[in-house]
Amino acid sequence: MNTAVESFEKKLSGGIRRQLYAVQLLSLLITTLLSLISIGEIRRFSMDKVSMYADVSFNQAVQNVDRQLQSVVSTARAFAYTELAQQLLIGAGGLSDVRGVYNSAMSNVRFIINTNGNIIDAALVDSEGKRYLFGSQLDHVITSYARERTSFLKDRNIKHGLFTDFFSEDVSRPGNYFMYVLPVYSSLQGEKYGKYIGVCLMLCRTDSICEAMDASLLDNSRLTLLNSNEEVLRDAGLVQNETLKSLSQNYYTFSNADWMLRQLVFEDSVGVTEGLYKNTAVLFIMAALLILIAMIALQLQMINRHNSETQRRLLQLELSKNKLRLSVLQSQINPHFLYNTLACIRGMAMENNLPVIAHIASNMAALFRYSIKGGAFVRLNEELGVTRKYIDIMNLRLDNRISIHVDIPEGLTDIWMVKMMLQPLVENAVFHGIERIEGEGRLSVTGSYISEKQYELRIRDTGAGIPPGKLDVLNALLRAPAGQTEELPQSGEAGVGLSNIQQKIKLLLGDAYGLRLESVFGEYTAVIITMPVLLERPSDPA
């Protein structure tokens with residue numbers, strides 16, 4: 001009897017023990033499975049955030065580099081089309097006149113070098129190869145770099161200029177210079193008006209480009225600047241090796257240079273695997289369900305803290321991006337340099353009894369004085385005044401081919417609007433509309449109330465019009481919310497100019513306001529601006 005009882009108790013004890021083992025094993029398997037799933041989700045979440053950070057930082061790098069290039073392009077154009085530079089390239093006047101013009105141009109170059117940290121020297125080379133050097137930095141590179149690029153630009157009729165690759169005085173060292181080569185065409189009245197007269201050269205340090213790349217560099221990433229032959233101009237960041245796997249890649253080709261910026265973001269596969277194994281080994285030891293709950297709670301806490309940090313960093317990046325975008329939209333050129341140069345030109349014109357040149361310079365000086373003073377908002381009648389000065393300048397150049405009609409309701413001229421908005425749109429209508437047709441072109445600026453709180457301005461020209469396909473692309477570009485136009489196809493300089501004005505309106509006033517286009521190809525183009533009725537001056541952006 002005792003033997004039977006003992007046998008039964010052993011069987012019962014063995015069954016319970018096996019059940020307990022089964023429960024513990026099942027608990028361990030569930031704990032491990034849930035932990036692996038949780039680790040996988042956290043890893044996927046982290047990779048998504050890394051990719052998002054990579055996109056934001058890459059866009060920031062593109063904007064930083066492009067801003068440095070644009071400052072060189074704007075300064076080169078401003079200097080090359082001064083009367084002093086034009087006279088040197090055309091070669092008008094005697095030796096004493098040329099010396100006087102050269103000395104005045106030298107003052108402008110010194111001003112450029114002192115105010116633009118990118119540029120360290122400048123030179124002019126006329127169509128016959130005669131050089132005007134303003135410093136000692138360019139003499140040793142003009143033959144090897146400028147002549148080749150000058151022939152390339154002239155043979156292909158490229159008018160926008162090109163940047164050279166990075167180079168150095170010592171070929172054994174990394175390149176610490178680059179050069180902008182701008183073909184110059186005469187803007188002075190005479191037999192050479194509109195013809196090629198030479199090139200303007202701007203020698204620049206690579207420091208600003210390198211700093212712009214380094215400022216937007218993420219951990220475990222690499223930024224590479226390449227030329228058109230995919231040769232490396234500059235590398236920054238982590239060096240790829242066998243233990244690193246690329247998570248994402250971004251590319252961008254700059255419109256004003258044959259350069260491409262590439263971003264690679266890497267994952268440390270060895271580190272990730274080791275971390276996964278360690279977590280798994282620890283979790284295998286933890287068989288209790290309470291420990292599993294504690295681990296999940298801890299993971300959720302880490303995710304919440306990571307989300308909070310992510311939101312904070314994204315907000316900082318977005319604020320920085322908006323400030324940079326406003327800065328770029330409001331300051332594409334160096335107006336102080338242009339204003340001082342125009343004042344110099346006006347004085348020289350008055351001394352030499354050239355009233356037409358003096359009148360143009362006076363109007364241009366007034367326009368640039370208007371652009372660099374005051375805040376982001378002005379009254380509508382001030383915008384109309386600047387626009388009339390611009391039309392006056394263009395009529396002197398185009399033999400009074402442009403007539404303008406303004407029809408604004410009483411009281412509407414005193415409201416506040418975004419500064420430097422009307423004149424660029426009228427300029428766009430002249431260059432892309434009226435200049436492309438024969439004979440007289442008519443411009444009209446009309447205003448009307450939509451409601452008590454909104455009104456619209458309509459700028460209409462009798463120019464060449466816009467093809468239907470291109471019109472659809474431009475309107476799609478303009479309908480995009482602020483900050484998203486980079487994802488849409490650009491449509492030439494006109495599209496970029498309209499997009500800049502649209503982004504400026506949306507950033508200052510909101511997505512409810514902005515531009516739209518109407519056009520009949522071969523007949524007319526109209527830009528319609530929807531704006532709020534601002535009876536009081538708004539605060540300028542911080």
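Taking CG of L412 as the reference point, atom CG of N381 lies at 10.5 Å (rounded to 0.5 Å). Between the CG atom of N500 and the CE atom of M420 there is a distance of 12.5 Å, given to the nearest 0.5 Å. The distance from the CD1 atom of I459 to the OG1 atom of T446 is 8.0 Å, given to the nearest 0.5 Å. With rounding to the nearest 0.5 angstrom, the OH atom of Y193 is 7.5 Å from the OG atom of S187. A distance of 11.0 Å separates CD in E382 from OG1 in T413, rounded to the nearest 0.5 Å. Distance check: R262 CZ to E230 CD gives 7.5 Å after rounding to the nearest 0.5 Å.
Aromatic pair Y252/W259: ring centres not closer than 6.0 Å.
Using a 4.5 Å heavy-atom threshold, the side chains of L425 and L515 count as touching. Using a 4.5 Å heavy-atom cutoff, the side chains of T530 and R516 are in contact. A 4.5 Å side-chain heavy-atom check between S186 and I90 finds at least one atom pair inside the cut-off. Side-chain contact between V445 and L384 is present, with at least one heavy-atom pair separated by less than 4.5 Å. A 4.5 Å side-chain heavy-atom check between L534 and P538 finds at least one atom pair inside the cut-off. Contact annotation: the side chain of E383 approaches that of V378 to within less than 4.5 Å [non-hydrogen atoms, C-beta and beyond]. With contacts defined as side-chain heavy-atom distances shorter than 4.5 Å, the pair L233/T206 does not qualify. Within the 4.5 Å cutoff, no side-chain heavy atoms of K453 are placed close to those of V533.
Distance alone, capped at 3.5 Å, is enough to place a donor-acceptor pair between the K504 side chain and the K419 backbone. Without hydrogens or angle criteria, D392 side chain to R388 main chain gives no donor-acceptor distance under 3.5 Å. A donor-acceptor pair under 3.5 Å is formed between the side chain of R379 and the backbone N or O of D414. Y81 places a side-chain N or O within 3.5 Å of a backbone atom of Y185 that can act as its donor or acceptor partner. Judged by distance alone, the side chain of T75 and the main-chain N or O of V72 form no donor-acceptor pair under 3.5 Å. At least one donor-acceptor pair under 3.5 Å links the side chain of N59 to the backbone N or O of D55. Q86 places a side-chain N or O within donor-acceptor distance of the main-chain N or O of A80, the cut-off being under 3.5 Å. Checked by atom type and distance alone, the side chain of S519 pairs as donor or acceptor with a backbone atom of I466 at under 3.5 Å. At distances below 3.5 Å, at least one donor-acceptor pair connects side-chain atoms of N395 with backbone N or O atoms of I402.
Around CD of E231, the count of heavy atoms belonging to other residues, nucleotides or ligands within 6.0 Å exceeds 12. Counting heavy atoms of neighbouring residues, nucleotides and ligands inside a 6.0 Å radius, atom CZ of R442 does not exceed 12 of them.
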Q. Yes or no on side chain to side chain contact (heavy atoms under 4.5 Å, CB included) for I112 and M202, after CA distance, side-chain angles and deciding distance?
A. CA-CA 10 Å; I112 289 172; M202 291 287 170; 4.2 Å; yes
**Q.** Test side chain to side chain contact (heavy atoms under 4.5 Å, CB included) applied to L225 and V232, step by step
**A.** CA-CA 6 Å; L225 190 64; V232 175; over 6 Å; no
Q) Given E536 and F377, is the side chain to side chain contact (heavy atoms under 4.5 Å, CB included) satisfied, shown in steps? A) CA-CA 10 Å; E536 297 183 358; F377 295 92; over 6 Å; no
(Q) Run the side-chain hydrogen bond (donor to acceptor under 3.5 Å, both in side chains) test on S57 and Q263 for me, step by step, so that the C-alpha distance in whole Å, both residues' side-chain angles and the decisive distance to 0.1 Å come before the verdict. (A) CA-CA 10 Å; S57 66; Q263 180 196 54; 3.3 Å; yes
Q: Carefully, step by step, assess S127 and Y196 under the rule side chain to side chain contact (heavy atoms under 4.5 Å, CB included).
A: CA-CA 7 Å; S127 58; Y196 171 81; 4.0 Å; yes
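Figure legend: cation-pi geometry between R460 and Y524, with NZ or CZ positioned under 6.0 Å from the six-membered ring centre and within 45° of its axis.
Contact record, V184 with C200: CG2-N, 3.7 Å, taken as the closest heavy-atom pair. Between F79 and A85, the closest heavy-atom pair is O-CB, 3.2 Å. Shortest non-hydrogen contact noted between V125 and L201 is CG2-CD1, 4.1 Å. Residues E427 and Y390 approach most closely at CG-OH, 3.0 Å, considering heavy atoms. Scanning all heavy atoms of the two residues, the minimum distance from F58 to L261 falls at CZ-O, 3.5 Å. What you find for T115 and F111 is that their closest heavy atoms are OG1-O, 2.7 Å.
Exactly one residue among E456, Q502, M421 makes a side-chain contact (heavy atoms from CB on, under 4.5 Å) with I529. That residue is M421. Considering Y180, F254, Y177 in turn, Y180 is the only one that fulfils the ring pair (Phe, Tyr, Trp, His ring centres under 6.0 Å) rule with F163.
At a cut-off of 3.5 Å, with distance as the only test, a side-chain donor of S208 or N118 sits close to an acceptor on the other residue.
Between R458 and E518 a salt bridge is recorded (basic side-chain N to carboxylate O distance below 4.0 Å). For R234 and D214, the salt-bridge test passes: some basic side-chain N is under 4.0 Å from an acidic carboxylate O.
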